[in-house]
S.K.: 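Take a look at this one; I'll ask things after.
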Amino acid sequence: MSEEGTSTFAERVYHVVAAIPEGRVTTYGLIGRALGSPRSARIVGSALRFTPGDVDIPAHRVVNRIGFLSGGWHFGHPDVMRDRLLAEDVPFRDVDEYLVDINACLWDPSDDPALDWLAGDPFPQ
DNA sequence: GCCTTGACGGCAA
DNA sequence: GTTGCCGCCAAGG
């Protein structure tokens with residue numbers, strides 16, 4: 001059963017990322033887990049990499065499992081992503097290393113019941 | 001239709 | 001405790 005009907009795997013990623021509360025960050029692994037594929041962490045990253053300009057999502061709140069701004073250069077420069085996180089009061093473990101203290105602001109998408117439909121259920125529409 | 005790449009993660013040495 | 005390698009799922013060429 002792969003008739004998600006949505007559009008692409010990336011489409012679900014956008015919904016999860018868009019659900020990230022301000023001042024919080026999440027990891028690719030948690031997002032993949034919320035999609036029912038805990039092994040598809042790389043796919044989540046690839047999805048955001050292919051994110052068209054038409055999609056407006058806070059991708060700067062998505063970091064890898066160590067809290068490093070993996071896609072920092074995708075914003076033109078890591079400093080851009082860092083500045084956005086600092087503006088949201090996101091605690092940094094090493095600002096010079098672009099390391100976010102995920103242990104203090106890590107947000108689990110599975111904690112949001114609104115994303116329960118991503119755990120395997122078909123599109124709510 | 002097949003092969004390679006990729007914003008990563010987990011396990012082994 | 002640190003470094004390296006392999007694995008997984010999806011999309012692009």
S.K.: Could you pull out the closest heavy-atom pair between A:R65 and A:I102, with the gap in Å?
M.R.: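 For A:R65 versus A:I102, the nearest heavy atoms are O-CD1, 2.9 Å.
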S.K.: Nearest 0.5 Å, what's the CG-NE2 distance between A:L85 and A:H60?
M.R.: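 The distance works out to 5.5 Å.
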S.K.: Whether A:S70 contacts B:dC8 is assessed here as follows: a side-chain N or O lying under 4.0 Å from the phosphate OP1 or OP2. Is that the case?
M.R.: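 Affirmative; the distance criterion is met.
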S.K.: Between A:T26 and A:L106, which heavy-atom pair has the shortest distance, and what is it?
M.R.: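 Heavy atoms only, the tightest pair is CA-CD1, 3.9 Å.
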S.K.: Give the rounded distance in Å between these two atoms: CD1 of A:I57 and P of B:dA7.
M.R.: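 For the pair A:I57 CD1 and B:dA7 P, the rounded distance is 16 Å.
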S.K.: Which of these nucleotides, C:dG7, C:dA10, B:dA7, is closest to any side-chain atom of A:Y28?
M.R.: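 That would be B:dA7.
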S.K.: Any donor-acceptor pair under 3.5 Å between the side chain of A:R42 and the base of C:dG7?
M.R.: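 Such a pair is found, so the answer is yes.
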S.K.: How long is the line joining CD1 of A:I66 and P of C:dT2, in whole Å?
M.R.: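 Rounding to the nearest Å, CD1 of A:I66 and P of C:dT2 are 12 Å apart.
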S.K.: Nearest 0.5 angstrom please: A:M81 CE to A:Y98 OH, how far?
M.R.: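 Answer for the CE-OH pair, A:M81 versus A:Y98, is 11.0 Å.
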S.K.: Between C:dA10 atom C1' and A:E11 atom CD, what is the distance in whole Å?
M.R.: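 Atom-to-atom, A:E11 to C:dA10, this comes out as 15 Å.
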S.K.: Atom CG of A:L99 and atom P of B:dA7: how far apart are they, to the nearest Å?
M.R.: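 It is 18 Å, rounded to the nearest whole Å.
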S.K.: Which heavy atom in A:A41 sits nearest to a heavy atom in A:Y28, and how many Å separate them?
M.R.: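 Answer, listing the atom of A:A41 first, then A:Y28: O-CB, 3.6 Å.
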S.K.: Just the rounded figure in Å: distance from P of B:dG9 to CD1 of A:I102.
M.R.: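 That distance rounds to 9 Å.
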S.K.: What is the distance, rounded to the nearest whole Å, between atom CG of A:L69 and atom P of B:dC8?
M.R.: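 Rounding to the nearest Å, CG of A:L69 and P of B:dC8 are 12 Å apart.
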S.K.: Could you tell me whether A:F75 contacts a base, only the sugar-phosphate backbone, or nothing, with contacts defined as non-hydrogen atoms closer than 4.0 Å?
M.R.: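 Since a base atom lies under 4.0 Å of A:F75, the category is base.
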S.K.: To the nearest angstrom, how far is A:W73 atom CH2 from B:dG6 atom P?
M.R.: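 It works out to 17 Å between those atoms.
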S.K.: Start at the 5' end of DNA chain C and walk down; is the nucleotide closest to A:S40 or to A:F50 reached first?
M.R.: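 Result: A:S40.
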S.K.: With heavy atoms under 4.0 Å as the rule, sort A:A47 into base, sugar-phosphate or nothing.
M.R.: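 If one applies the 4.0 Å heavy-atom cut-off, A:A47 turns out to touch nothing in the nucleic acid.
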S.K.: Would you indicate what A:S37 reaches in the nucleic acid, counting non-hydrogen atoms under 4.0 angstrom: base, sugar-phosphate, or nothing?
M.R.: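 Nothing, no heavy atom under 4.0 Å.
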S.K.: Among B:dA7, C:dC8, B:dG9, which nucleotide sits nearest the side chain of A:R39?
M.R.: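 Taking heavy atoms from C-beta onward, the closest nucleotide is C:dC8.
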S.K.: The side chain of A:F9 is closest to which nucleotide in this list: C:dC8, C:dA10, B:dG9?
M.R.: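 Selected nucleotide: C:dA10.
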S.K.: Specify the residue among A:R49 and A:L30 whose closest nucleotide of DNA chain B lies further upstream toward the 5′ end.
M.R.: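 By nearest-heavy-atom nucleotide position, the 5'-most residue is A:R49.
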S.K.: Would you mind reading off the distance between A:N64 atom CG and B:dG6 atom P, rounded to a whole angstrom?
M.R.: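 Answer to the nearest Å: 17 Å.
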